[in-house]
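Written below as structure tokens is the structure these notes are about.
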Amino acid sequence: MLKRKIYDELVAWKNSSNGATAMMIDGARRVGKSYIAETFARSEYKSYILIDFGQAPTDVLDLFVNDSYDLDLFLRSLQPFTPRRSINVSP
């Protein structure tokens with residue numbers, strides 16, 4: 001895996017936020033933001049949901065505007081639109 005400074009910052013955020021906050025990765029186009037976010041999710045979590053806002057249907061985008069105040073409702077509403085990506089962990 002290509003290690004980058006941002007990866008260490010993502011790990012520090014994960015450890016300090018304890019799941020209480022979200023992170024937005026912002027930057028120039030085509031510099032590896034999606035790659036590092038997916039690599040981080042795959043390495044640091046048992047499962048994750050990947051949403052490409054450039055390709056997401058309007059129904060998904062509306063969830064972020066209208067239903068994000070209630071996390072349980074938001075995640076239940078999001079499930080039908082996004083395949084869950086899981087890591088196979090050996091027992």
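One-based numbering along the sequence shown. Values in this document were obtained by computation on a predicted structure and should not be read as measured data.
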Which pairs would a plain distance check flag for residues 59-75, meaning a side-chain donor or acceptor within less than 3.5 Å of a matching protein atom at least two apart in sequence or in another chain?
{"residue": "Asn66", "atom": "ND2", "partner": "Asp62", "partner atom": "O", "Å": "3.3"}
{"residue": "Ser68", "atom": "OG", "partner": "Phe64", "partner atom": "O", "Å": "2.8"}
{"residue": "Asp70", "atom": "OD1", "partner": "Asp72", "partner atom": "N", "Å": "3.2"}
{"residue": "Asp70", "atom": "OD1", "partner": "Leu73", "partner atom": "N", "Å": "3.3"}

For Lys5 and Asp8: C-alpha separation, side-chain torsions, deciding distance, then whether side-chain contact (heavy atoms from CB on, under 4.5 Å) applies. CA-CA 5 Å; Lys5 180 180 174 185; Asp8 294 334; 5.8 Å; no
Under the 3.5 angstrom rule, does the side chain of Lys14 hit a backbone N or O of Gly19 as a donor-acceptor pair? no
With hydrophobic residues grouped by side-chain heavy-atom distances under 4.5 Å, do Tyr45 and Ile6 end up in a single group? yes
Is there a path from Val11 to Ile36 through hydrophobic residues (I, L, V, M, F, W, Y) whose side chains come within less than 4.5 Å of each other? yes
Could you state the interatomic distance from OG (Ser43) to CD (Glu38), rounded to the nearest 0.5 Å? 10.0 Å
Please report the interatomic distance CE(Met24) to NZ(Lys33), rounded to the nearest 0.5 Å. 10.5 Å
In Å and rounded to the nearest 0.5 Å, what is the OG1 to CD distance from Thr39 to Glu44? 10.5 Å
Kindly assign one of parallel, tilted or perpendicular to the pair Tyr7 and Phe40, based on the angle between their ring planes and the thresholds 30° and 60°. perpendicular
Side chain to side chain donor-acceptor pair (under 3.5 Å) filter on Thr58, not counting sequence neighbours, yields none
Calculate, to the nearest 0.5 Å, the distance between atoms CZ and OG belonging to Arg42 and Ser47 respectively. 13.5 Å
